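Counting starts at 1 for both ligands and their atoms, following the listed order. Predicted model only: the values in this text are computed from it and were never measured.
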Amino acid sequence: MTNTPAPRDLASMTEEELTGLFLSMGEPKYRAKQLFSAFGKGQRLSEVTTLPKSLRERLSSDFPDTFPEVEEKLVSRIDGTVKYLFRLYDGACIESVFMRYEHGNTLCISSQVGCRMGCKFCASTIGGKERDLLPSELLGQILAAERDLGERVSNIVMMGIGEPMDNYENVVRFLRLLNADDGRNIGFRHISLSTCGVVPGILRLAEESFPLTLSISLHASEDEKRSQIMPVNRKWPISELLAACVTYYRKTGRRISFEYTLIAGKNDTKEDAEKLAHLLRTAFAGTGAPLHVNLIRVNEVKETGFRRGDAESVRLFAKTLEERGVVATVRRRLGSDINGACGQLRRSSSKTTASERQETLE
Ligand code: SAH
């Protein structure tokens, strides 16, 4: 199945591109700045009253409005976490999660409708990938959540549905829009991007020199084990992945965060922790890079059958890493009452069947 062709939509354009568009329409240049900064404030085209009505009508007949609509909203009674199901302009649905932390409000956003990476424990990939998200839809999740809540988001994590590196061009364009002075203006240091290990994407991102935080979903320290749960490892094995991480660190000077999902009886023993510490220490030897692993107990997904271990197994795993010079943090589980693991809300609402849109990684 091929991707839906990207519509040329206004909110995915840079200020320079909008300038070119307005000039070609015989409109003054300052209109571009007006529209770009209105989009950055979360306005939709129809609401940008600084533009003449006739101009707005002309634009809206030529370009789709890709602003996400709130289809469903679940609010945690425990900690105020909000999970959104957003409906996109073509009817597709994605999830975003708003979390309140001491260091600020954080939004976890999706990068694709579905995913084709095939990780065995993950709900987002079960039906394959439907399409990539547009830059405006990546940005729109932030703007729509802020609008709905009347609160500002200060940190963005790209850890929702989809693989950001499998939608590279749109993701990088989105990062530039997000960072633009006249746009939403969120600094790269407030952005984390997580990948399952698409090596060419990591190397390309290293060249962009964005000071964002890169997270790597590692989840196992040996190729055989990792390939079993993450098919992406057959294409880019652990040695290549870590070599790309070292290159990334050397280019950007930014610490990399390794995500490790603990699955009972699969990758959560003391020996697994020892192997992980050894692997990271060896790969980064001589670089001076601080080593950091983020641990999370697997969220049980009905279809996958993986089990969550007890709290003691996490403590022992973290302690074993720390004793070997690897900083380990245990991810807090927010919104446990509304969770149903990432990707499951979309699945339960989805009316298309998996076979209609299946696309999987080779
Ligand atoms: N595709 C990207 C980003 C999306 S997943 C990536 O793989 O990094 C965000 C994180 O959640 C990843 O670390 C992923 O491996 C993890 N994850 C997915 N399903 C999970 C589950 N059932 N339990 C715990 N973590 C899960």
Side-chain angles (χ1 to χ4, degrees), residues 83 94-97 99 106-129 132-133 138 141 156-168 170-171 174 191-199 201-202 205 212-220 225-233 235-236 238 241 244-245 248 256-264 266-268 276 292-309 313-314 317 329-336 339-347 360-361:
K83 188 156 195 166
I94 47 159
E95 290 171 33
S96 316
V97 183
M99 294 160 285
T106 298
L107 193 74
C108 174
I109 64 168
S110 295
S111 54
Q112 296 177 314
V113 184
C115 184
R116 62 183 183 129
M117 295 295 130
C119 299
K120 296 286 186 283
F121 44 84
C122 180
S124 304
T125 198
I126 293 171
K129 180 179 96 169
D132 290 326
L133 291 188
L138 292 159
Q141 295 169 66
I156 310 297
V157 295
M158 302 195 74
M159 288 196 180
I161 297 168
E163 169 51 47
M165 297 297 195
D166 191 40
N167 185 16
Y168 187 88
N170 288 348
V171 164
F174 150 69
I191 303 167
S192 291
L193 186 152
S194 182
T195 175
C196 63
V198 179
V199 165
I202 297 170
L205 193 67
L212 50 75
T213 302
L214 181 65
S215 290
I216 304 289
S217 297
L218 194 58
H219 308 325
K225 232 180 215 186
R226 191 165 189 267
S227 296
Q228 270 175 22
I229 53 173
M230 301 180 75
V232 69
N233 195 67
K235 206 156 179 174
W236 296 290
I238 294 174
L241 173 57
C245 290
Y248 186 89
I256 293 174
S257 176
F258 290 93
E259 304 290 318
Y260 195 99
T261 294
L262 294 162
I263 305 170
K266 275 243 177 250
N267 64 358
D268 68 339
L276 176 59
H292 180 233
V293 172
N294 209 351
L295 298 171
I296 181 171
R297 273 185 286 163
V298 73
N299 283 315
E300 293 181 0
V301 176
K302 194 174 75 232
E303 293 90 334
T304 66
F306 290 126
R307 270 188 318 106
R308 217 174 137 74
S313 64
V314 193
F317 204 96
T329 48
V330 179
R331 219 194 290 168
R332 253 174 77 208
R333 196 159 174 244
L334 293 178
S336 53
N339 196 3
C342 182
Q344 297 200 64
L345 185 57
R346 171 174 170 261
R347 278 186 61 66
T360 49
L361 188 73

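Taking a cut-off of under 4.0 Å to the non-hydrogen atoms of Cys122, the atoms of ligand 1 that pass are 18 (C), 19 (N). The atoms of ligand 1 that sit less than 4.0 Å from any heavy atom of Gly160 are 4 (C). Shown in contact with Cys196 at under 4.0 Å from a heavy atom are these atoms of ligand 1, numbered in order with element: 6 (C), 7 (O), 8 (O). Proximity to His219 (heavy-atom distance under 4.0 Å) selects the following atoms of ligand 1: 13 (O), 14 (C), 15 (O). Near Gly162, meaning under 4.0 Å from one of its heavy atoms, ligand 1 places the atoms 1 (N), 2 (C), 3 (C), 4 (C). Taking every non-hydrogen atom of Val298 and a distance limit under 4.0 Å, the qualifying atoms of ligand 1 come out as 21 (C), 22 (N), 23 (N), 24 (C). For ligand 1, the atoms lying closer than 4.0 Å to a non-hydrogen atom of Thr195 are 6 (C), 7 (O), 8 (O).
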*Dump the intermediate steps for side-chain contact (heavy atoms from CB on, under 4.5 Å) on Gln141 and Phe174, then the final yes or no.*
CA-CA 11 Å; Gln141 295 169 66; Phe174 150 69; over 6 Å; no
Tell me, with the steps shown, if Asn294 and Ile296 meet side-chain contact (heavy atoms from CB on, under 4.5 Å). CA-CA 7 Å; Asn294 209 351; Ile296 181 171; over 6 Å; no
In sequence, state the C-alpha distance, the side-chain angles, and the governing distance for Thr195 and Glu163, and then conclude on side chain to side chain donor-acceptor pair (under 3.5 Å). CA-CA 6 Å; Thr195 175; Glu163 169 51 47; 2.7 Å; yes
Report task. Check the pair Thr304 / Val298 against side-chain contact (heavy atoms from CB on, under 4.5 Å), numbers first and verdict last. Result -> CA-CA 11 Å; Thr304 66; Val298 73; over 6 Å; no
task: Applying side-chain contact (heavy atoms from CB on, under 4.5 Å), run through Val97 and Met159 and close with a yes or a no.
output: CA-CA 10 Å; Val97 183; Met159 288 196 180; over 6 Å; no
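Judged purely by atom type and a 3.5 angstrom limit, Lys225 uses its side chain to pair as donor or acceptor with the backbone of Lys266.
Contact annotation for Val301 and ligand 1: only side-chain heavy atoms (C-beta onward) come within less than 4.0 Å of the ligand.
Ring pair Phe306/Phe121 is tilted by interplanar angle, where 30° to 60° counts as tilted.
Here the CD1-CG distance, from Ile202 to Leu241, works out to 5.0 Å after rounding to the nearest 0.5 Å.
For ligand 1, the polar-atom distance check finds no N/O of Met159 at less than 3.5 Å from any of the ligand's N/O atoms. Where the criterion is an N or O separation shorter than 3.5 Å, residue side chain and backbone included, Ile296 fails it with respect to ligand 1. Polar contact with ligand 1: absent for Arg297 (N/O pair, distance under 3.5 Å). For ligand 1, none of its N or O atoms has an N or O atom of Glu259 under 3.5 Å away.
Atom 18 (C) of ligand 1 has its nearest heavy-atom neighbour, among Phe306, Tyr260, Phe121, Phe258, in Phe121.
Screening Asn167, Thr125, Asp132, Asn170 for a side-chain hydrogen bond (donor to acceptor under 3.5 Å, both in side chains) involving Gln112 leaves a single residue, Asp132.
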